[in-house]
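As structure tokens, the structure follows; a few thoughts come after it.
The shown structure was predicted, so the numbers you read here are calculated from the model rather than taken from an experiment. Residues take their numbers from the sequence shown, with the count starting at 1.
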Amino acid sequence: MRYPLFLSDFDGTLVRGDGTVSETTKRAIAAYRAAGGIFAVVTGRGLTSILPRLRELGLCEGLVVAYQGATIADIATGKLVKDDGFSREDALKAARLLEQDGRHVHIYTVDKLYSNMEDDALHMYERICGVKAEIVTDMPLSELIVLKNLRIIKELAMVNKEDRRPLMEWLTPRLGEGLYVTCSSDFLVEVMPAGQSKAAAVDFLCNYYGIPRERCAAIGDQLNDLPMIARAGGKFSVANAEEILRRQTQVVASVEEDGVAEALAVAMQETSSGGAL
């Protein structure tokens, strides 16, 4: 098998616009695993959001990567095998910047979501992710971090699509080298600690399973998938991916046309004499 470890983003890559995973893709995952491959989901979602969805894919054991790579858990038990996040100083710094200009902000602990607004955007987010936010309007979320002594894993702002790039460009120099800005959708600008990216997940999983990076494949669609794809040996993107991903990868069909299934077929091919592609 060319790539015995296959890492897939979830939203926009595995999950179609209607919120479902196609039967074709489910069968492809099952066939890949039956042939001895290790399939893992690597997502920006939190654990409480992603764990229930894995059952649809027939994934009842193994590891799942959440929060962009900051958190990795055993699927069967929910036990954390990697549990990183912000320092208190960095969590406050990021939250205070995100809160400026009355933005809609979320902060996450390993198992909870806090939002400073309740609106249609939040309700849509809750519906998609299968989570319920705790609404905090009587104080800034940055103050809540201190008051409740919260250990923060991820922070984000919900934005209009046209505001995504300007906010990223505004945040990046103000956050400094200890933090980085990324996106998992057209409407989210996310802040994570430096080093807690999907690239870190590649390193962790390759080491955990004893598989060299050149024999690990990854597929995604959004900016937060770039570090993972750059780190993996096999580089795939779905046809609906951001252009910057498509320029650096083998492009397969869109999420609506079972791109993951197409990439898994490539992953299952026998390794040529020249080595993995």
Would you say [X] and [Y] make side-chain contact, with heavy atoms under 4.5 Å?
| X | Y | answer |
| --- | --- | --- |
| M168 | L223 | yes |
| N240 | E256 | no |
| M192 | S197 | no |
| E126 | L122 | yes |
| L179 | V181 | no |
| F39 | L264 | yes |
| D186 | Q222 | yes |
| L59 | R33 | yes |

To the nearest 0.5 Å, what is the distance between [atom1] ([X]) and [atom2] ([Y])?
| X | Y | atom1 | atom2 | value |
| --- | --- | --- | --- | --- |
| F204 | N207 | CZ | CG | 7.5 Å |
| S49 | L113 | OG | CG | 10.0 Å |
| C216 | L205 | SG | CG | 7.5 Å |
| Q250 | I229 | CD | CD1 | 12.0 Å |
| R45 | S184 | CZ | OG | 9.5 Å |

Got a donor-acceptor contact below 3.5 angstrom from the [X] side chain to the [Y] backbone?
| X | Y | result |
| --- | --- | --- |
| R164 | S185 | yes |
| Y32 | P4 | yes |
| R213 | V202 | no |
| R2 | A267 | no |

Reference residue K198; test side chain to side chain contact (heavy atoms under 4.5 Å, CB included); the match among T182, D225, L226: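 With K198 as partner, side chain to side chain contact (heavy atoms under 4.5 Å, CB included) holds for just one option, D225.
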
Set of ring pair (Phe, Tyr, Trp, His ring centres under 6.0 Å) partners for H104, sequence neighbours left out: H106

With Y114, which residues qualify under ring pair (Phe, Tyr, Trp, His ring centres under 6.0 Å), at least two apart? none

Of all the heavy-atom pairs spanning [X] and [Y], show the shortest one and how long it is.
| X | Y | value |
| --- | --- | --- |
| S22 | R16 | CB-NH1, 3.4 Å |
| I219 | A263 | CD1-CB, 3.9 Å |
| V105 | L98 | CG2-O, 3.5 Å |
| L63 | A40 | O-CB, 3.9 Å |
| I145 | A91 | CD1-O, 4.1 Å |
| K235 | A230 | NZ-O, 2.9 Å |

Treating Ile, Leu, Val, Met, Phe, Trp and Tyr as nodes and any side-chain heavy-atom pair under 4.5 angstrom as an edge, say whether Y209 and V42 lie in one connected cluster. yes

Taking atom CG of D120 as the centre, does the number of heavy atoms from other residues, nucleotides or ligands within less than 6.0 Å exceed 12? no

Other residues, nucleotides and ligands only: do more than 12 of their heavy atoms fall within 6.0 Å of CD on E162?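 Yes, because the 6.0 Å sphere around CD of E162 holds more than 12 heavy atoms from other groups.
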
Step-by-step side chain to side chain donor-acceptor pair (under 3.5 Å) determination, D258 to T25: CA-CA 6 Å; D258 303 307; T25 295; 3.1 Å; yes

Check E155 with K93, please: is the shortest side-chain N to carboxylate O separation under 4.0 Å? no

Would you please say whether a donor-acceptor pair under 3.5 Å links the side chains of R103 and N116? no

Using only heavy-atom distances, determine whether the side chains of S142 and E99 contain a donor-acceptor pair under 3.5 Å. yes

Think K154 forms a cation-pi with Y67, using NZ or CZ under 6.0 Å from the six-ring centre and within 45 degrees of its axis? no

